[in-house]
2 protein chains.
Amino acid sequence: MMPARTRGSGCYRGRMGSTPATRTSYHHGALRQALVDGAREILAERGHDQFSLNEVARRVGVSTSAPYRHFRSRDELLAAVAEQGYEVLHQCLERAATATADAGERLLCMGGAYVRFAQDHPDLFVTMFRGQPGLGPVGHESFDVLLSAVVEAQRCAVIPTAPSAELMARSVWATVHGLAVLSLRQPHERFGLDEPAEDLAARTLSALLGL
Amino acid sequence: MMPARTRGSGCYRGRMGSTPATRTSYHHGALRQALVDGAREILAERGHDQFSLNEVARRVGVSTSAPYRHFRSRDELLAAVAEQGYEVLHQCLERAATATADAGERLLCMGGAYVRFAQDHPDLFVTMFRGQPGLGPVGHESFDVLLSAVVEAQRCAVIPTAPSAELMARSVWATVHGLAVLSLRQPHERFGLDEPAEDLAARTLSALLGL
DNA sequence: GCAGGAATGTTAGAAGCATTCACATTGTCG
DNA sequence: CGACAATGTGAATGCTTCTAACATTCCTGC
């Protein structure tokens, strides 16, 4: 009944908000992505410890067992969120990488983009680094973007060539990662100074790389 | 009945292992600490996602509601674990700080101690940085140890005095924290090189501080 | 020493969550 | 059009956290 079946994907006309969405057809149409989005909402609102798969289902307007048609487990949904996070991060890094022609400044921009990503999308950032260890394939792509920038900077001799590019990239990643984590945790605890985290990243990276 | 009541604390004669401990008296005697220890065991074995307060209680050999006499909630037990972590970290940092007289080398030792702490006690480390934001009071003490070392190194002019000591300490903390996190997550993924994380820390900090 | 309250532990149970299974509805393809 | 795959539902299981009423033990003031 109800001739509303806009062919699979897209026939979902619930509200974006947090009220239990109303559906017009038996099938949702785009449940998988809706679940990921709903999960992100809840993660952003209540944090990981309060996260509940049942609540995601309720919010999306579907029975609590429906998610299992798309994800084997609650953790797999969170993994999908993390994967989306790696994609967004990858885009942020690539945008930063192409923002400037100077190889040294490029590294600073990328560091800033990393911490800004963490602050703009804490739900994604926390999810990415909470689950099981290991980068997804897209995580490796993100690292490659950084690695290329380091290689290029070494080629231009704007940073020392002393440790290998991989080691140096790892140091850079670790540094900005630490900055991102701590900036999320202790907003400005103890340091009244509210230097934007990206500035702090640029300063720290400058020192680290001898720029 | 049963004249075994070695006066409160200490009358607990369960095994250290993971089998449900047997108790001889009604009262446990040192339940609070036993719960923290049990929690650490489970965290080390199964990780945070599998952590269950009920299981801690079972393992310690006590009913599932007994923990609530000592902790208002499951999270409060985890907070106690985190607090213990900050104490251990503090000791590690102080030991490293007094290991050498050279102000510059001291900073490297402390960085190494930080990542070694994370690797030796991942249960504590993860718990400390998983819960609600903010350092406990003991966390601040740990930071103060680092801050003092930076101040001293600046006084000896072995590191630049350019950014304030607080900012520099924050950079150092962030850097070693990032190294610790990533070393726990990607053991040696992608880098066949298995440079001990402490060496990586020393190298990275040397570059950061211009040592 | 002993009464009685403060600590501490127990049992039973409410409410919520993850997961599964049998079943219902719908899209799709021959 | 008719079967089959995909997708969603309802009910049930066994876990979890947490509360409430009750039991035992410690300890303190008399």
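Letters go in sequence order (proteins before strands), and every chain restarts at 1.
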| query | For residues 68-76 of chain B, which residues have at least one heavy atom under 4.0 Å from DNA chain D? | reply |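 When residues 68-76 of chain B is checked for heavy atoms under 4.0 Å from DNA chain D, the hits, listed by number, are B:Y68, B:R69, B:S73, B:R74.
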| So, does B:R40 use its side chain to make a donor-acceptor pair with the main chain of B:D123 at under 3.5 Å? |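 Not a single qualifying donor-acceptor pair exists.
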| Between B:Q154 and B:P163, is there a donor-acceptor pair closer than 3.5 Å when you use the side chain of the first and the backbone of the second? |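 Such a contact is found between B:Q154 side chain and B:P163 backbone.
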Measure the distance from [atom1] on [X] to [atom2] on [N] and round it to the nearest whole Å.
{"X": "A:R58", "N": "D:dG8", "atom1": "CZ", "atom2": "P", "value": "18 Å"}
{"X": "B:L35", "N": "C:dT8", "atom1": "CG", "atom2": "P", "value": "12 Å"}
{"X": "B:N54", "N": "D:dT16", "atom1": "CG", "atom2": "C1'", "value": "6 Å"}
{"X": "B:L78", "N": "D:dT16", "atom1": "CG", "atom2": "C1'", "value": "14 Å"}
{"X": "A:D49", "N": "D:dT17", "atom1": "CG", "atom2": "C1'", "value": "13 Å"}
{"X": "B:L53", "N": "D:dT17", "atom1": "CG", "atom2": "P", "value": "5 Å"}
{"X": "A:Q50", "N": "C:dG16", "atom1": "CD", "atom2": "P", "value": "14 Å"}

| field | Spatial distance of atom CZ (B:R116) from atom OG (B:S183) [nearest 0.5 Å] | value |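 So the gap between those two atoms works out to 12.0 Å.
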| query | Could you give the distance from OG (A:S142) to CD (A:Q91), rounded to the nearest 0.5 Å? | reply |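 Going from OG on A:S142 over to CD on A:Q91, the span is 9.5 Å.
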| task | Let me see the working for B:R74 and A:D49 under salt bridge (Lys or Arg N to Asp or Glu O under 4.0 Å), right down to the final yes or no. | result | CA-CA 11 Å; B:R74 166 201 143 111; A:D49 293 333; 5.7 Å; no
| salt bridge (Lys or Arg N to Asp or Glu O under 4.0 Å) between B:E55 and B:R59: does it pass, once the steps are laid out? | CA-CA 6 Å; B:E55 188 181 350; B:R59 184 169 298 202; 3.3 Å; yes
| Side chains of B:V126 and B:H48: closer than 4.5 Å at any heavy-atom pair? |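 Result yes, sub-4.5 Å side-chain heavy-atom pair found.
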| Angle by which the axis turns from one end of the helix from C:dG1-D:dC30 to C:dG30-D:dC1 to the other, five pairs per end, to 10 degrees |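 Comparing the first five pairs with the last five, the axes sit 10° apart.
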| So which one's nearest nucleotide on DNA chain C is more toward 5', A:S65 or A:E55? |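 Residue closer to the 5' terminus by nearest nucleotide: A:E55.
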| Out of D:dT16, C:dC17, C:dT10, whichever nucleotide has its closest atom nearest the side chain of B:S52 |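 Out of D:dT16, C:dC17, C:dT10, the nucleotide with an atom closest to B:S52's side chain is D:dT16.
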| said: Students often mix this up, so state it plainly: with edges at 30° and 60°, are the rings of A:F143 and A:W173 parallel, tilted or perpendicular? | reply: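 It falls in the tilted class, 30° to 60°.
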| said: What verdict does the side chain to side chain contact (heavy atoms under 4.5 Å, CB included) test give for A:H90 and A:V145, after you've listed the backbone C-alpha separation in whole Å, the side-chain angles of each residue and the deciding distance to 0.1 Å? | reply: CA-CA 8 Å; A:H90 186 239; A:V145 178; 3.5 Å; yes
